[in-house]
Structures are given as C-alpha cells and as structure tokens.
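Letters go in sequence order (proteins before strands), and every chain restarts at 1. Computed from a predicted model, the values in this text were never measured in an experiment.
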Amino acid sequence: MEHFEKSNFIRDIIDEHNKTGKFGGRVHTRFPPEPNGFLHIGHAKAICLSFGIAKDYDGLCNLRFDDTNPVKEDEKFVNSIQKDIKWLGFDWGERLFFASDYFGKMYDYAIQLIKAKKAYVDSQTSEEIRKNRGTVKSAGIESPFRNRLVLENLELFEKMKNGEFAEGTHVLRAKIDMSSPNMLMRDPLMYRIKKEKHHRTGDKWSIYPMYDFAHCLEDSMEGITHSLCSIEFENNRPLYDWFLDNLQIYHSQQIEFARLNLNYTVMSKRILSQLVEDGLVSGWDDPRLPTISGLRRRGYTPKSIRDFCDAIGMAKRESVVDISLLEYTIRHDLNVRAERRMAVLNPLKVIIDNYPENQFELLDAVNNPEDESAGKRQIPFSKVLYIEREDFMEDAPKKFFRLAPGREVRLRYAYFIKCESVVKDENGEIIALHCTYDSATKGGKSPDGRKVKATLHWVSAQHAIDAEVRLYDRLFTVENPLSADGDYRDYINPNSVEILQNCKLEPSLQNAKIGEFYQFERKGYFCVDDEKRLIFNRTVTLRDSWAKLQKKGNKK
RNA sequence: UGGGCCGUCGACAAGCGGUAAGUCACAUGGUUUUGGUCCAUGCAUUCAGGGGUUCGAAUCCUCUCGGCCCAACCA
C-alpha cells in the first residue's frame, strides 16, 4: 500500500511551482488547528497531507495553533493536539508556533491598512452590520462610519486595544466592496473587542484578530509556501490574497481540498462534543468515536491511519469514504504485527471423556504465522476445556463446519475431538459437551490423513484467566445520521458496545500490558485498555465469510 | 446581483487530445491447523446529459441538469 504512486492536484501544483521556481523550489506547509477540541480522523487527513508533502518534497511543516478566539480555546486542547500529532508519527521540530505570538505584528499591520485608508473602525451594532451586509442576492450598504479620517480611525483603534470600549461597540473593518458578489469581501471584520482572558496572552489584549485577517499573516510571517486547507475556505481565498497584496508582504498560496467524510459516524466537532457532553459516549476518547484518541484506545495503529489517509486520496469533490476501507487498513497492519492468542468470548464447557483426570500437557503454538521471528509459546491442555458457544450447533446445517453431535473437529494445536453428547439444564439450555479425543492427532495432525472441516480455538478451564472484553461496533445504524430523518440520536447503534464479563483467555495473556494488541484467533484484533483491571477492547473483527453466509441465508 | 467550487465503477480515485490505472467492497476459484492471511480471476465499450470542434474527446468549446459552500464580532 505504501508503494503506490501518489498523484493529486496539489502535488501537480507544487511540481509546477518547482518547475517555474515560484517559491525557489521551497516547500513549507503548516498544520493550523484551533485549540478548541480534539483532533479526529478528518484532521488526520489534513495532517498526513501537510506533513506528508513537506516530507516528500524535502520541505518543512510547522505546527501552529490558530488561537485567535480566547472564548473557545483552552490549553488542554493544545496538549492533546500535540500528543495526537506525535502519536500519528509526525514531527514539527522546533517549529511550534502560536497565532497569539503574532498579535503585536498583526496589530501593526492593521495600522498600516488604516493609514493606507484600507481599513476603518466601524461603530455600528452587530445587528446593523449584519443587516447592512446585504444578502447573497443583493448588495450591502456602506457603513456611515466608512469614511472616517485616518487619524480618527487610528485613535479609535488604539482605544479599542487599550480596552476603553465595551465589547460590541466597535470593530475594525477592511474597506473593500460592499457590493461584492462574494459576501466575504463586503468590508470584512479584522478585529473585534473581546475582554476575555487568553490562555497564552492573558489580559494583555482587549481586541482579537478575525480568522481571515490573521491566517494569511501567520502564513506570510512563517514563509509558508503552500497553505493547505479545506474546501469551505475557497470563498475566503480572494480575501486571503487581498490582505497580503494590500500589505505588500510575502504571499503564500492557499490551496483547498475536500474534507473527509466517513459513513456510519460523524465528524462534526459540534455533534462530537454533544455526544460527549450528553453522556451518549464515555468521553472524547470513547473507542466508538472517530477522534484520534478514540481510535487509539480502540486499538488503531498510527500506521493504519496513515495508510488510510494515503488510500482515500486527495481531491476537491465532496465524498463519503466507506468505513470498510479504514477497517481494511487496520486489519492489514495488525495481521502482520499482532501475535495470535486464543480467547473464548462466550464459553461453553467441553469435557474430554477419554482424557485422564488430573493431567495436563503443554502444546506448542505459533505466535504469528505471518512472522516467524515472533516465535512460539506453549498452551496448557487438559480434560476440561472451553470452546466458543457459537462453534457448536445441535442441529447443524450443511454449511456449518464446526462442532455438532457426532462430528469431529480439530482443536487448534491440540487434538481432534468428536462430540459424543450434549448436557442441558432444566431449561433446555446447553451447558456442556461430552467429547472424546484421538491421542494420535496431537498437535492437530492426523497420521491417517483424515480431514476435518474446522479448527476451533479453545482454552483449558483450569488454566484460563478471566477478563472483560468489550466488543465495539459502528456508532450509528445509518450511513449518514445527520441527513437522516429526525434526530441523529435516534440512529445511535444500541449494540455499538457489548461488554462481556465472563471471557476465558489463555494464561499467557495474564501479563498483557496496556496498549498491547493481539489477534484473538478467529475473533478479531483486540488491545489492552487503559484500566486497572484486565480489559480488552475489540479493534475490529476478522473478515468472516461464515458470518457473511449466515447473513445471506437470513435474507432469503 | 448573486458568486465560487464540484460531477469518472457500489465507495474512494488516477487520468491533463491518442482510445478508462489502482484501492476498498462484491463475486468465483486455489492454498491453508484461523470460514483469517495470501494468490488468481471477474467487476465502467464508458466518464451527469445534449450539442459542437477534431482523423481521434473523460480530457477543448457550448448549453442543460444535479450536488456543496458563502449573508458568525467562529475557524
């Protein structure tokens, strides 16, 4: 997957620039999150893009916090964001920046525009400003304050800075064109008064720059060549260019790409935080969420997410990526790296009638068939075992290959066993199976060459350890919960997490460490959750052609 | 007075005037002590639709249709 040719319109543009020498062959990108929430996999796309391009072109990528709105921002987010980017495998070196570090220079640039008669202090109310902006189909009306004298503007702006005015009484606006068909060009706001404590600058500022004014300056001051952002900023580009052109300073090029959408989940920060706040999920790192921290807890690896971002490509058209692609990349990564273990999630007792009481033996098991260097381990076998409940059927259909009365199967790395009888309780519930084993089939080989159709995982009852296993599934029952009828909450998958308390694991799992991942053979990939007790989170199931067959049968 | 962007297989996505890559999904075989992995094969005579230019069009022109974004003192 890592060998395919990356080709997309952004790389085309950069190649062209390198050819014409527009930026002197330099490539310098940036990732500019606002520290107001947790990163999600949509951000991972942007991170892989900007850091990836810098890497591939021998360039640099800055991490810059776009912290221009103290009301929404918080230091805890600047920490989690850095952690997540590092975890994803990217490095910004010494180039950690904050928009707030540029507030002084931005203020000077604003004064420069005022002096050039290209900015003015507007003293309309916010309602007036909104009303006079017009609509998408009709022109706006110029503010009565639009032609204030430079000196007056300078004086008012300074007073705004000094905190002499109440919030909402004045703003600084660029003087562009109130009748522009692009709403953003109708004298956009550059500064607003906010008497709010900033997480980095404290009480120093009473005014804060707006995104459009701030962002292009940040890029310019850092010498960014290609400023990559998502498509909804396309309308902002003329304004981005306007500020830089009118200030006559270094001009980065903004290029927009389509943001990531994934089916069966939501990417909106608003909805995500609603889910968290309403307690519909356990927190920002709930393993069902598409946040980086959620995916990490779920057991997704950085490589699988990077591979995913490579696989989805890069374009401008709006699209919805199938979650199965993400599942593919994590399986693909873990298949090679995860050691195999046997774990019985829903135990059913099996008694081997002809196996000696009080005896056990250790059997060799391969740790990873995809990686010989992972070596082998030994697993205890004894008279009483557990197998998976769903691996036995009393009335088995033809296509069911597993255990059934009178049928023989292989216990992985152990013996062939044959089901002799079924034990039920007073409710008719199956509580145990009596089987016999063939001692000649030790290790799972049959010297007489007879075949069995299934190999089951199992665990020795007296040696097994207990653990909780959490089975996660997609968070929503429909592809796009936000566009479905009614409230998106109605579509939360009631089975998005299933907690199993009574799982029986092979003893080697006793010392599994937080964050480790394993393949539970025939069940899926699991990782050790960050808890005091031993808890395994299911990252993803294995592909399951039997389940697929069953589903098909049910539909008919 | 509206403007900007975008329509290529079920889902992504290459393609840049020379005759539709690749990946996921799906299907069918093979290998297999995981119904896993892996391997093989199949899966767009056609690029939203019409018209035009051309020896030749997904690529150029034109019209039509459809989707998304913009009227926060958010980013």
Classify [X] by what it touches in the nucleic acid, base, sugar-phosphate, or nothing, heavy-atom distance under 4.0 Å.
{"X": "A:Tyr208", "result": "nothing"}
{"X": "A:Thr125", "result": "base"}
{"X": "A:Glu128", "result": "nothing"}
{"X": "A:Pro238", "result": "nothing"}
{"X": "A:Arg133", "result": "sugar-phosphate"}
{"X": "A:Phe257", "result": "nothing"}
{"X": "A:Leu189", "result": "base"}
{"X": "A:Val452", "result": "nothing"}
{"X": "A:Ala139", "result": "base"}
{"X": "A:Asp544", "result": "sugar-phosphate"}
{"X": "A:Asn263", "result": "nothing"}

Determine, for [X] against [Y], whether the closest basic-nitrogen to carboxylate-oxygen distance falls under 4.0 angstrom.
{"X": "A:Glu339", "Y": "A:Arg377", "answer": "no"}
{"X": "A:Lys19", "Y": "A:Glu16", "answer": "yes"}
{"X": "A:Arg200", "Y": "A:Glu73", "answer": "no"}

Of A:Leu348, A:Leu411, A:Leu456, A:Val459, the residue whose pairing with A:Leu385 passes side-chain contact (heavy atoms from CB on, under 4.5 Å): A:Leu411
Aromatic ring pairing A:Tyr107/A:Tyr191, orientation class (parallel under 30°, perpendicular over 60°, tilted between):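 If you compare the ring of A:Tyr107 with that of A:Tyr191, the planes turn out perpendicular.
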From [options], nucleotide with atom closest to [X] side chain:
{"X": "A:Met210", "options": "B:A71, B:A75, B:G35", "value": "B:A75"}
{"X": "A:Ser319", "options": "B:G36, B:G15, B:A13", "value": "B:A13"}
{"X": "A:Asp12", "options": "B:G15, B:U37, B:A75", "value": "B:G15"}

Could you tell me how far [M] sits from [N] if I compare only their [atom1] atoms? Round to whole Å.
{"N": "B:U31", "M": "B:U37", "atom1": "C1'", "value": "11 Å"}
{"N": "B:U59", "M": "B:U8", "atom1": "C1'", "value": "11 Å"}
{"N": "B:G3", "M": "B:U45", "atom1": "P", "value": "37 Å"}
{"N": "B:C61", "M": "B:A25", "atom1": "C1'", "value": "38 Å"}

Any A:Arg317 side-chain nitrogen or oxygen under 4.0 Å from OP1 or OP2 of B:A13: yes
N/O (side chain, A:Ser7) to phosphate O (OP1/OP2, B:G15) under 4.0 Å: yes
Ring-base stacking, A:Tyr211 with B:A75 (5.5 Å, 30° cut-offs):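 It does not: the ring fails the test against the base of B:A75.
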Close side-chain approach of A:Phe400 and A:Arg407, heavy atoms under 4.5 Å: yes
Under 3.5 Å, which N/O atoms of the protein pair with N/O atoms of nucleotides 67-70 of chain B?
residue, atom, partner, partner atom, Å
B:C68, O4', A:Glu318, OE1, 3.1
B:C69, O2', A:Asn235, ND2, 3.4
B:C69, O2, A:Asn235, ND2, 3.1
B:C70, O4', A:Asn235, ND2, 3.2

5' priority, RNA chain B, between A:Asn236 and A:Thr135 [closest heavy atom]: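 Checking each residue's closest nucleotide, the 5'-ward one belongs to A:Thr135.
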Distance (rounded to the nearest 0.5 Å) between A:Met106 CE and A:His215 NE2: 9.5 Å
Base paired to B:C68 (Watson-Crick or G-U; both N/O distances under 3.5 angstrom): B:G4
Complementary nucleotide of B:A27, counting Watson-Crick and G-U pairs under 3.5 Å: B:U41
Whole-Å gap separating P (B:U37) and CH2 (A:Trp546):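 It is 18 Å, rounded to the nearest whole Å.
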Value in whole Å for how far the P atom of B:U32 lies from CG of A:Asn368: 19 Å
Per-nucleotide protein contact string for nucleotides 23-31 of chain B, where B marks a base within reach and S marks sugar-phosphate only (heavy atoms under 4.0 Å, - for neither): -SSSS----
Which residues share a ring-ring contact (aromatic ring centres under 6.0 Å, His included) with A:Tyr386, sequence neighbours left out: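 Applying ring-ring contact (aromatic ring centres under 6.0 Å, His included) to A:Tyr386 gives none.
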